[in-house]
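Structure record follows, encoded as structure tokens.
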Amino acid sequence: MAQMIPPKERMKRNQVSMPEQNPKERKNNFKEVPLGYTVEQAIYEAQRCLQCKNAKCISGCPAEINIPEFIKKIVEEDFCAAYNEILNTDALPAITGRVCPQEEQCQKYCVLEKQGKPIAIGRLERFVADWARSNNVHGKLPDIEINKKKVGIVGSGPAGLTCAADLAKLGYEVTLFEALHLPGGVLVYGIPEFRLPKSIVKYEVDEIEKSGVKLITDYVVGATKSVDALAEQFDSLFLANGAGAPRFMNIPGENLNDVYSANEFLTRSNLMKAYAFPEYDTPIKIGKRAATIGAGNVAMDSARTALRLGAEKSYIIYRRSRTEVPARSEEVHHAEEEGIIFNFLTLPIQVLGDKNGNVIGMECQKMRLGEPDESGRRRPIPIDGSNFNIEIDMVIDAIGTSANPIVARSATGVETNKWGYFVAKEETGATTREGIFAGGDIVRGSATVISAVGDGKMAARAIHKYLSSGKSLRK
Amino acid sequence: MYKIIKKEKLNDVIYSMWIEAPEVASSVQPGQFIILMICEKGERVPLTVADFDRENGWIRIVFQIVGKTSEELSCLKENDLLFSFIGPLGKKTEIENYGKVITIGGGTGIACIHPIARALKEAGNEVISIIGARNKELIFMEEEIREASNKLIVTTDDGSYGRKGFVTQALKEILDKDSDIKKIWTIGPPVMMKVTCDTTKPYGVDTIVSLNSIMVDGTGMCGSCRVAVGGETKFVCSDGPEFDGQLVDWSEFSNRLTRYQGAEKSSWDKYKDHQHECNCGRSKN
């Protein structure tokens, strides 16, 4: 068995880097980019952990994982115990271990961060979850005292799945409604295979189902049944249906044939597996020169997907500069390695098409940065007379999403704000209708998987408190 | 999974199926659509509901063979199962007592106008229906539409049945004689809907069309189905499928329907070359 090493030794070691698929190869396939730690690498990295008594890293984890404890179990080579330690609070470890921006969360609070070499908590979490999956080790189900109270959850994305898992552990009868034909929400339709393999999502969802959660797919709440109708069948409801509707720039030419929203482009490729057409029946445009507008994580996913589908040139068009790029630095780094071409300080003016509606180019304008705006970032200002055309044959709008009203309009008494997002209390997720809670992107706008996980946990606690007090929507 | 309860071949290329989908059947309204998938590797296909039976929990769909998926669907038998079937999607038809109204159907649009005509008649309207096709063999659901309407006119391009000519010629005759028509619904191929709108424009009668865009999720998430209506971008799945036909940008709409023509053709050709073997392992016969 591996041993704890003296603190001095721990400080000397550097972070174990993650083996990755070579950029030249991976830009032609949809296989995962980071390959994961080996057992030896994981133990070597885990041994670096200082095992702080008052561990600050935990406060940076919305999933509330006892980080030093699971890392200690890795050092002890008791990976099964490490897995169960994580599962105590996080039902989606292989997912959060991959897509969390750890550098902004747990790792930011690590004591070793000051020396620029925080413990690679996310990589270790991923290692443990992957080890469990490949060794067919399942989480230990806690002794559950079943109660007869029913909770309905709308949406099987990260918020809904987490809330469902936490409530099932407390003995509630949980039903999870999913509008699409597969569960997972943004984890299956939004995040590409090369960042989050769909088999992993399926595995973790299956585990949650095994804990007693009932999953109903093909069920569009707001269309198949209203929230009001569900409120008559359930004691409490959690609305976590995601942000949903794509935003467009509203520039001329945006309805040309080969202009996609990132939602459509990624849904075709990820959920419908259009990259495997015609084995899978859903087609997708294979552009030679693709322009993705925006520079968030979704934009990186889109530009890298276009490249993998066969684009010779895949551009990112962003109106601000590199400093303001909202995507995770790791994603930008991966994109650059693969040859994505970044056009900073560039604003699309119009998409150009031929008479059949096909995209043949885009007119852009150069920008410069002015004073900071209300977001604190320097405002981009157009430079007169700097217009130019780029030759492209497809466009992907990745400029964010807005609220899809389909669920909200079927929920009497559940207020939305002026953007259509649910109004929910910050500390409980309670909406303006007692007994109905909300969380994830349909409250926050476009946020992260981990913030949705955090919302799911918060709502589960609040729902437990609400139902424990003897209240119910059905009364 | 969703069971095929009844299957009927309406003509060489058009089929009717009743699907067991109790949740959808309990809330569906005229004008709405469903999305189905044959198998997990299949595509999501939107189809306007042709009829529903709330008591049994059944939904009727009518489809024409236009490519691989529709041909594959036509090969399924009673008691076979569909992988996915969601709905009801889109907004329902605005049914009121308008007075005298016309519903027009062409191609599979004949099936789509059926529940709309019936609901309009039940709401007290005097419903004149016009259904049309190239020839007699392609006319279907005639008796059902007749029953759902106060008057039925059938047209065929070649005159092999009913009146010779297009649905728009019969429509124009009515509009010339009767200034009391309050509203018109027209559902069919894009060209037919556009020509109907051109015909009714001088008469100033509200003309509603039901658009059959290319969709993925069908719930407002992807924007694949978007089309300019009155200069504003609308989503057919969540803002429609019915719109004021005079405001639809028909050339943009028709262009966007061709987005995957090449891929669709190659996939269908490959399917035929491989003895109709479906991705999910089912084969013809």
Side-chain angles (χ1 to χ4, degrees), chain A residues 179-182 189-190 216-226 229 241-248 250 254-268 271-274 276-286 353-358 397 401 403-407, chain B residues 2 21 23-24 26-28 32 35 37-45 67-69 72 83-90 214-228 232-233 235 238 249 251-264 266-268 270-271 279:
Chain A
L180 292 166
H181 54 279
L182 294 177
Y189 77 72
I216 302 182
T217 52
D218 295 336
Y219 202 101
V220 189
V221 173
T224 309
K225 282 280 181 304
S226 64
N241 48 297
R247 252 190 238 156
F248 293 94
N250 297 315
E254 224 171 4
N255 288 353
L256 288 167
N257 295 352
D258 301 316
V259 181
Y260 285 89
S261 72
N263 269 8
E264 181 188 356
F265 186 67
L266 293 174
T267 301
R268 282 182 181 274
L271 173 73
M272 305 309 294
K273 301 213 187 307
F277 182 86
E279 184 199 346
Y280 284 76
D281 287 327
T282 302
I284 197 165
K285 164 83 178 180
I286 311 290
D354 66 14
K355 65 179 190 333
N356 296 320
N358 300 312
D397 269 326
T401 55
N404 186 336
I406 193 165
V407 173
Chain B
Y2 307 83
E23 295 280 7
V24 184
S26 73
S27 15
V28 67
Q32 292 187 298
I35 284 187
M37 287 173 77
I38 295 178
C39 62
E40 199 173 340
K41 291 183 175 180
E43 58 186 328
R44 294 170 66 91
V45 183
K68 184 200 170 206
T69 299
E72 222 170 77
F83 171 72
S84 173
F85 194 89
I86 71 162
L89 301 172
I214 297 173
M215 296 184 186
V216 186
D217 66 295
T219 62
M221 189 190 82
C222 83
S224 171
C225 62
R226 68 192 188 277
V227 60
E232 209 182 310
T233 294
F235 287 6
S238 51
D249 182 335
S251 91
E252 180 182 289
F253 175 69
S254 305
N255 276 342
R256 286 187 65 83
L257 283 176
T258 66
R259 287 166 74 198
Y260 299 107
Q261 245 171 16
E264 282 161 357
S266 73
S267 156
W268 197 11
K270 189 167 174 252
Y271 176 71
N279 289 340

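In what follows, chains are A, B, ... by sequence order, proteins preceding strands, each numbered from 1. As a basis for the values below, the full set of heavy atoms in this structure was taken, side chains included, without hydrogen atoms, waters or symmetry mates.
With contacts defined as side-chain heavy-atom distances shorter than 4.5 Å, the pair B:D217/A:L180 qualifies. Side-chain contact between B:T233 and A:E254 is absent, with no heavy atoms from C-beta onward closer than 4.5 Å. A:L182 places a side-chain heavy atom less than 4.5 Å from the side chain of B:E40. A:I406 places none of its side-chain heavy atoms less than 4.5 Å from the side chain of B:M221. A:I216 places none of its side-chain heavy atoms less than 4.5 Å from the side chain of B:E23.
Neither the backbone nor the side chain of B:S251 comes within contact range of chain A, judged by heavy atoms closer than 4.5 Å. There is no contact between A:L266 and chain B, counting heavy-atom distances below 4.5 Å. Residue B:Y2 touches chain A through its side chain alone, counting heavy-atom pairs closer than 4.5 Å. Residue B:V28 does not touch chain A at all, counting heavy-atom pairs closer than 4.5 Å. The parts of B:S84 that come within reach of chain A are both its backbone and its side chain, each placing non-hydrogen atoms under 4.5 angstrom from that chain. Only the backbone of A:I284 has a heavy atom closer than 4.5 Å to any heavy atom of chain B. Heavy atoms closer than 4.5 Å to chain A are found in the side chain of B:I214, but not in its backbone.
Here B:Y271 contributes atom OH and A:D281 contributes atom CG; the two are 9.5 Å apart, rounded to the nearest 0.5 Å. To the nearest 0.5 Å, atom SG of residue B:C39 and atom OH of residue A:Y280 are 9.0 Å apart. Distance check, rounded to the nearest 0.5 Å: CD of B:E43 to CZ of A:R268 gives 8.5 Å. Expressed to the nearest 0.5 Å, how far CG of A:D218 lies from CE of B:M37 amounts to 8.5 Å.
Each of A:A276, A:P405, A:P246 has some count of heavy-atom pairs under 4.5 Å with chain B, and the biggest count is that of A:P246. Chain B forms more heavy-atom pairs under 4.5 Å with one residue of A:T401, A:T217, A:T282, A:D258 than with any other, namely A:T282. Contact count versus chain B (heavy atoms, under 4.5 Å) is highest, among A:V259, A:L271, A:D397, for A:V259. Put simply, of B:G218, B:S267, B:S266, B:G220, the one with the most heavy-atom pairs under 4.5 Å next to chain A is B:G220. Interface summary for chain B: among A:I286, A:N250, A:N263, the most heavy-atom pairs under 4.5 angstrom belong to A:N263.
With hydrogens and angles disregarded, a donor-acceptor distance shorter than 3.5 Å links the side chain of A:S261 to the backbone of B:C222.
Residues A:K285 and B:Y260 come closest through the heavy atom pair N-CE2, 3.8 Å. B:L89 and A:A223 make their closest contact through CD2-CB, 4.3 Å (heavy atoms, listed as atom of the first residue, atom of the second, distance).
Not counting sequence neighbours, the partners of A:N257 by the side-chain contact (heavy atoms from CB on, under 4.5 Å) test are A:N358, B:N255, B:R256, B:T258, B:R259. Looking at residues two or more places apart in sequence or on another chain, you find no ring pair (Phe, Tyr, Trp, His ring centres under 6.0 Å) involving A:F277.
With hydrogens and angles left out, the side-chain atoms of B:T219 and A:N404 include no donor and acceptor closer than 3.5 Å. A:E264 and B:S224 form a side-chain donor-acceptor contact under 3.5 Å, judged by distance and modelled atom types alone.
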Report the C-alpha separation of B:K41 and A:E279 in whole Å, then their side-chain angles, then the decisive distance to 0.1 Å, and conclude whether the side-chain contact (heavy atoms from CB on, under 4.5 Å) test is met. CA-CA 7 Å; B:K41 291 183 175 180; A:E279 184 199 346; 2.6 Å; yes

